[in-house]
Each structure stands twice: as structure tokens, then as C-alpha cells.
There are 2 protein chains.
Amino acid sequence: MAKIIDVAKRAGVSIATVSRVTNRQGNVKKSTEQKVLEAIKELNYIPNFPARYLKTKRTLTIGMVVPDITNPFFPIVFRGAESVVKQEDYTIILCNTFEDEYEEMRYLSILEAKKVDGILLIKAPPRSGNEQYMQKLNNLPVPIVYVDRLPKLQDIPAVVADNIGGGYAATTHLIKLGHRNIAIITVQYPLSVHRERLQGYVKALREHNIPINRFYIKQGASTIEEGTSLGHSLINMKDRPTAIFVTNYKMTIGLMRALEMAGLQCPEDISIVGYDDFEWENVFHPRLTVVAQPARQMGQTAAQLLIKILRDGVDSLPNKRVILSSELKIRESCGIYRQNKLGKP
Amino acid sequence: MAKIIDVAKRAGVSIATVSRVTNRQGNVKKSTEQKVLEAIKELNYIPNFPARYLKTKRTLTIGMVVPDITNPFFPIVFRGAESVVKQEDYTIILCNTFEDEYEEMRYLSILEAKKVDGILLIKAPPRSGNEQYMQKLNNLPVPIVYVDRLPKLQDIPAVVADNIGGGYAATTHLIKLGHRNIAIITVQYPLSVHRERLQGYVKALREHNIPINRFYIKQGASTIEEGTSLGHSLINMKDRPTAIFVTNYKMTIGLMRALEMAGLQCPEDISIVGYDDFEWENVFHPRLTVVAQPARQMGQTAAQLLIKILRDGVDSLPNKRVILSSELKIRESCGIYRQNKLGKP
DNA sequence: ATGATAAAGGAAATCGATTACATAAAATGG
DNA sequence: CCATTTTATGTAATCGATTTCCTTTATCAT
């Protein structure tokens with residue numbers, strides 16, 4: 001591998017001049033620049049980034065920590081972020097924490113050691129007994145932008161979706177269709193995301209003076225099986241809900257399975273609103289009405305925020321928290337509530 | 001950020017000793033080791049990786065180049081690879097090429113500049129007029145393991161799925177069910193992957209003396225829409241196939257849509273074998289019989305190969321090419337061919 | 001032509017580690 | 001007890017760039 005000294009020799013100049021050319025900081029005669037450029041091309045020279053870092057303190061690398069890259073939501077966020085940072089020649093180290101905060105801690109200290117310029121963090125659910133970790137996180141010497149999942153700390157740069165709004169829109173939609181017995185299947189993680197979707201659900205019911213039935217609120221692990229089993233338990237209630245709002249794609253798949261097993265038609269027998277809108281969800285019968293999250297936009301926005309911070313400092317941000325709105329996509333899985341057909345069995 | 005000199009001062013030793021402790025190369029008295037360890041803890045010292053690289057020539061970072069991380073196949077490969085390399089404290093820079101060979105070239109030279117220790121490469125389809133690029137690739141100073149998609153070059157480390165076997169198994173399955181009019185929908189990329197699946201299809205037909213009908217071979221872009229449109233064109237043929245083998249998940253979704261639009265029942269009216277087996281594919285009606293690729297295993301194996309190369313050199317590999325077998329998962333989308341119901345209209 | 005100013009380019013310090021080499025201290029053995 | 005080996009530690013070179021601080025050369029107004 002050619003080094004800067006090789007280029008310098010070949011071009012008959014000093015390494016300082018070569019450096020000036022590669023970093024285009026001017027004060028180099030056109031003719032010498034030409035010589036240097038030729039030498040660079042001939043030797044196939046590329047500056048050594050780690051070496052360069054020592055002086056510049058920049059690696060042009062950022063870290064992105066995600067809970068589970070096989071959850072199709074996160075690759076979309078990743079791609080959004082990548083498409084932005086690549087413009088500035090950044091590259092992304094992707095770390096998969098498996099929803100485990102200890103893994104996250106491990107990765108974060110590796111990223112710190114590797115001197116990434118910044119971090120996009122989609123947090124794993126906090127472990128109880130690990131509260132002081134947030135303090136440490138907050139004092140990390142590398143800028144962090146939180147994405148999607150918001151820790152309780154105030155005043156930290158974060159880009160999230162409007163989950164309250166999402167839950168509210170979904171529930172309101174069902175209410176407007178005449179439903180009153182509306183259940184929710186959601187995740188029990190200690191995460192803002194799911195708490196807020198539930199909040200939106202509650203808010204919508206309250207606004208329409210619909211009493212909240214706590215047996216209609218089902219929480220569990222974010223898996224297909226859990227979706228099926230919680231679905232079953234709702235279906236088998238004596239006052240079976242006429243509509244279900246599922247706040248998560250895996251549980252949605254599970255729920256649809258439960259409906260099928262129970263021989264229930266959607267939307268004829270029961271209405272469903274799902275969460276997340278992936279391309280392949282087109283395969284559902286019927287096509288699902290869902291709350292679509294601005295996944296790509298979240299990645300993009302978070303990346304833009306981070307780049308702004310890297311350029312001008314955290315305090316340059318007009319507002320540290322960005323909330324992107326989710327969109328209700330109305331398709332075919334919700335029907336109008338009809339007293340005779342449904343309701344009390 | 002604490003540096004090695006700070007630790008040395010605090011512990012009252014030289015930086016050499018600190019380095020010996022952090023790299024646990026022995027020859028340090030227990031008592032001084034203790035002092036150093038304490039100083040490290042107190043100052044929260046982590047060695048600076050880029051600086052360390054200068055001497056060690058290792059970044060403990062590898063690059064992974066994928067065509068499209070939002071294709072659910074690749075996150076699984078990624079996770080497989082990550083789970084292996086993390087054991088050795090490697091971290092992965094993930095690069096998304098968008099199936100564009102020029103993007104790939106760009107990323108590869110960045111990875112080279114960043115001095116990654118090795119690269120896992122899932123190639124973008126080669127561009128015509130860009131043939132000399134493979135030569136350059138082959139001479140890259142950093143070891144590459146090719147994953148999934150195999151370039152024509154011989155004798156390079158690669159981990160691929162048995163695509164011929166996959167195509168063969170799928171087609172044979174249909175033949176055994178009595179089908180003779182078997183179509184294939186595949187991708188027209190200049191990629192080994194798709195060529196080979198087609199090869200497997202042809203091989204199976206030949207072995208059973210079934211003439212190959214070139215109108216049954218449909219090739220197109222890897223999109224849902226294309227799956228639908230190629231599906232339509234097959235459905236509308238005067239001698240409509242009684243079974244279709246789709247070599248790609250997106251086109252499978254599209255094809256299922258086409259069946260639905262045409263009012264065809266699967267497997268009653270037509271049998272389908274798909275490719276890839278994702279968790280969410282459970283939502284299909286009926287559940288699809290598919291060729292499942294060993295996605296995770298590919299990632300793991302590729303990572304193991306790369307690590308072996310990094311440790312012992314390329315020549316230490318017993319065999320450079322690893323072919324992992326794909327598995328036919330028989331579910332509900334294939335029926336027995338019945339003369340009276342199907343066949344010639 | 002001359003002094004002042006700007007442009008061009010080089011020498012050497014520097015970034016934060018690792019490591020070869022040197023040396024001091026401790027252990028070993030006859 | 002002294003020579004020899006082993007163990008423990010320090011000094012300084014080194015990795016490959018960037019950058020500060022000079023020096024030299026070119027440009028320009030007078």
C-alpha cells in the first residue's frame with residue numbers, strides 16, 4: 001500500500017504538499033498539484049484513515065445501534081440514515097443489541113473506543129437495576145441522537161414517531177366506524193413507544209366517552225405466538241371486542257392467525273388496525289388498515305440532526321426533539337359496526 | 001478522554017507497562033498490574049483504536065457490503081455474521097449498495113481506506129463494460145469472502161447456497177405431484193444465484209423427460225409488480241401451467257396477487273413453490289411451500305471463513321468455496337395434478 | 001530596482017498507542 | 001557469594017498522516 005511518503009517521492013515534493021493536495025486546502029501551484037495527482041493515481045494512493053484520525057480527530061464513521069436488524073422496521077431506518085450520511089462520506093458501524101441493554105452497553109463502549117464521530121441509538125429496553133447507566137450514556141464523549149425510542153431524560157437530541165398520535169388515529173378511526181368494544185394488543189416493554197400508543201388509544205376512548213375496559217388491554221411479548229394467544233383470549237371473551245388495534249407487526253401476524261383459526265372473517269366479523277406498513281404486508285387477506293410509521297424519514301432526520309451536531313455542536317439545534325407524524329393508511333380490514341351481526345353474542 | 005500517559009502517571013509506571021497490562025502479555029508484577037488496573041478504572045481508560053491500529057495494523061473492524069438491507073434476506077445474513085465476529089471483538093461496517101456496482105466500488109475503496117481487516121461481500125450485479133473491476137477486486141489488499149452471489153472467478157473464498165439444488169428440489173417436488181406444465185418466474189439479473197435456480201429447474205425437467213417450454217420461463221425485475229405481471233402472462237396462456245416455481249420472495253408476493261385477481265385458488269387451481277422462508281410469510285393463504293435458504297448459516301459460515309483467513313491466511317482454508325444446502329419446506333401451496341380439473345382448458 | 005506582501009513548499013512536531021531494545025531487579029545455581 | 005538467567009520495567013523509535021512554523025520564491029506597487 002502506497003503511503004504519503006511514496007507519493008511525495010514520486011512527485012518530487014514533500015509530504016506536506018501531498019497532504020495539502022489531498023485535503024485541497026490551496027496554496028499549491030497548479031503544476032505541482034498536477035504532479036501530485038498523477039503520482040497519487042499511479043500509486044493508487046488512498047490516505048490511511050486511522051492514521052489521519054490521530055491529527056484530525058475524525059473517523060468519518062458513525063455508529064448505529066439497533067435492537068434487532070431482522071425486524072424490518074430497522075433496516076428502513078438504517079437505509080434512511082445511510083442515504084444521508086453517505087453524502088458527507090460517513091460510513092456506519094451497525095450494532096445489533098438483541099434488545100439487550102447489556103449488549104448495548106458493550107457496543108457503546110466499543111464504539112467509543114473506535115472513536116466514531118457520533119452515534120444513532122435505538123435503545124434496548126432498560127433493565128431494572130441499571131438506572132445509573134442512563135447517566136453514563138448521557139456523559140459519553142461522543143454525540144448521540146436517540147431514534148424511535150425515547151429515554152426519560154429531557155433535552156437530549158431525539159427523533160421519534162408520534163406514537164400517541166398513531167394510537168389515537170387508529171382508535172378514532174374505529175370509533176368513527178361505530179365500534180365501542182375496541183381492544184388493544186400491545187407490547188409490555190418498558191418503552192415509550194408502546195406506552196404512548198396505548199396512551200393514544202386511551203385518549204381516543206376518553207374523548208368519546210367510551211369507558212375503558214381493562215380486560216380489553218392485552219400486553220405481552222412482541223412475537224407472533226403472543227399475538228395469536230392474546231388474540232385468542234380476546235376472541236373468547238364473553239363480550240368479545242368488535243375491533244382490535246394491534247400496535248406491532250409481529251403480533252398482527254399472530255392475531256390474523258388467531259382470527260383464521262377461530263373462523264372469524266375480517267372485516268365482517270371483526271375489524272383490525274395494525275401497526276407498521278411493510279411492502280410485503282400486501283399479502284394479507286384483507287389488506288390491513290395500519291398506522292404507518294415514517295421509518296425512513298426517522299433515519300434521515302436523525303442522521304441530519306447528528307451531522308448538524310457534528311458540524312456546529314449540540315447547542316446549534318433549534319429543537320432537540322423531533323416528532324414525526326405517523327399516518328393512518330385506510331385499507332380493507334375495518335368494517336362498520338353492525339349491531340345485529342356483532343356485539344354481545 | 002484519558003490517554004495511556006494519564007494512566008501511566010496515575011499508576012506511577014511507564015506507558016509501556018500500561019500497554020503490557022491492557023494487552024495482557026505478561027511480564028508484569030502482580031502488584032503493579034493491580035495499580036495499573038486501578039488507574040485504568042479510575043480514569044475510565046479505553047485504548048484508542050485508531051491509534052493502536054498504527055502499530056498493530058488491525059482495526060478489529062470488518063466491512064459487509066450488501067445490495068439491499070431492506071430485503072429481509074440480508075439482515076439475517078448480517079446477524080449470522082455479526083454473531084460470529086463479535087466473539088472475536090470485531091465490529092461491522094455495513095454498506096448498502098442498492099444493487100449498484102458503482103456504489104459497491106465506491107464503498108470498497110472507502111473500506112480499504114478505513115483499513116478494515118476483511119470484507120464480506122454480497123456483490124451487486126456486474127455492469128457491462130465494467131469487467132476489469134473484478135480484477136481490481138481480486139487484488140484488493142484486504143481479504144474478501146464472497147457471500148451468496150458468486151462471481152465467475154475461480155478459487156476465491158466464497159459461501160453460497162446450493163441454488164441449483166434449490167431449483168431442482170422445487171421442480172422435482174412439483175413433478176412428483178404429477179405436474180408436467182411447470183413454469184418458472186425468475187430474475188434476469190446477471191447473477192449466479194438466479195441462473196442456477198433456473199438451471200436446477202431445467203435439470204429436473206430434463207431428468208424426467210419433460211420438454212422445456214421456453215414460454216414457461218419468465219424472467220424480469222425482482223419486484224412485486226413484475227411478479228404480478230409475469231404471473232398474469234402465465235395465467236393467460238392458452239396452455240396455462242398447472243404449477244409455478246417463483247425464485248424470489250418479492251415476485252412471489254406479486255404472483256399471489258395475480259392469482260387472487262384472476263380468481264384462481266391455490267393449490268386447487270394452481271400449485272406454487274416460492275423461494276426464501278421468512279417468519280412473516282406465515283400470513284400467506286395458503287402457507288407456501290418454499291425453498292428455504294440457509295441465510296443465517298451463510299452469514300455465520302462466511303464470518304468464520306473470514307476470521308480463519310485473518311488468523312492463518314487464505315491458504316489455510318481446506319476448501320475455499322462452501323456450498324450450503326437449501327431446504328424444501330413442504331406446506332400447503334402445492335396440490336396433486338388432476339387431469340380433469342386442470343391441464344388443457 | 002526595491003521593499004512589502006502573498007503564494008508555495010519544506011522540516012519537524014504531533015496525534016496515542018505498541019514494541020524493540022536496554023537496563024535494573026530478582027531469582028537461580030554451583 | 002558471585003555469575004547467570006529470568007523477570008520486570010523504562011526509553012525511545014515507530015506507525016502514517018496533518019499541521020504549525022518557517023523559508024523561499026513570486027508578485028506587485030512605488
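By convention in this document, chain letters (A, B, ...) are assigned in the order of the sequence lines, proteins followed by strands, and residues within each chain are numbered from 1.
- Under the salt bridge (charged side-chain N to carboxylate O under 4.0 Å, His left out) criterion, R79(B) pairs with D68(A), sequence neighbours left out.
- The residue from N96(A), I92(A), L121(A) that alone fulfils the side-chain contact (heavy atoms from CB on, under 4.5 Å) condition with M64(A) is I92(A).
- Every pair passing side-chain hydrogen bond (donor to acceptor under 3.5 Å, both in side chains) that includes a residue from residues 36-48 of chain A is listed here, sequence neighbours excluded: R10(A)-E42(A), N48(A)-Y53(B).
- Every residue two or more places apart in sequence or in another chain that forms a side-chain contact (heavy atoms from CB on, under 4.5 Å) with L317(A) is listed here: P157(A), L305(A), K308(A), I309(A), K320(A).
- Of the residues V85(B), T59(B), V116(B), V84(B), the one that meets the side-chain contact (heavy atoms from CB on, under 4.5 Å) test with Y90(B) is V85(B).
- The heavy-atom pair separating P294(B) from L324(B) by the smallest distance is CG-CB, 3.7 Å.
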Item checked: Protein proximity profile, nucleotides 7-19 of chain C - base contact B, sugar-phosphate-only contact S, no contact -, cut-off 4.0 Å on heavy atoms -> -SBBB--BBBBBB
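- For the side-chain contact (heavy atoms from CB on, under 4.5 Å) test, residues two or more places apart in sequence or in another chain that qualify with Y102(A) are D100(A), M105(A), R127(A), N130(A).
- Donor-acceptor pairing under 3.5 Å is recorded for the side chains of T61(A) and K114(B).
- Comparing the local axis fitted to the first five base pairs of the helix from dA1(C)-dT30(D) to dG30(C)-dC1(D) with the one fitted to its last five gives a bend of 40°, rounded to 10°.
- Between I40(A) atom CD1 and dA17(D) atom C1' the separation is 13 Å, expressed in whole Å.
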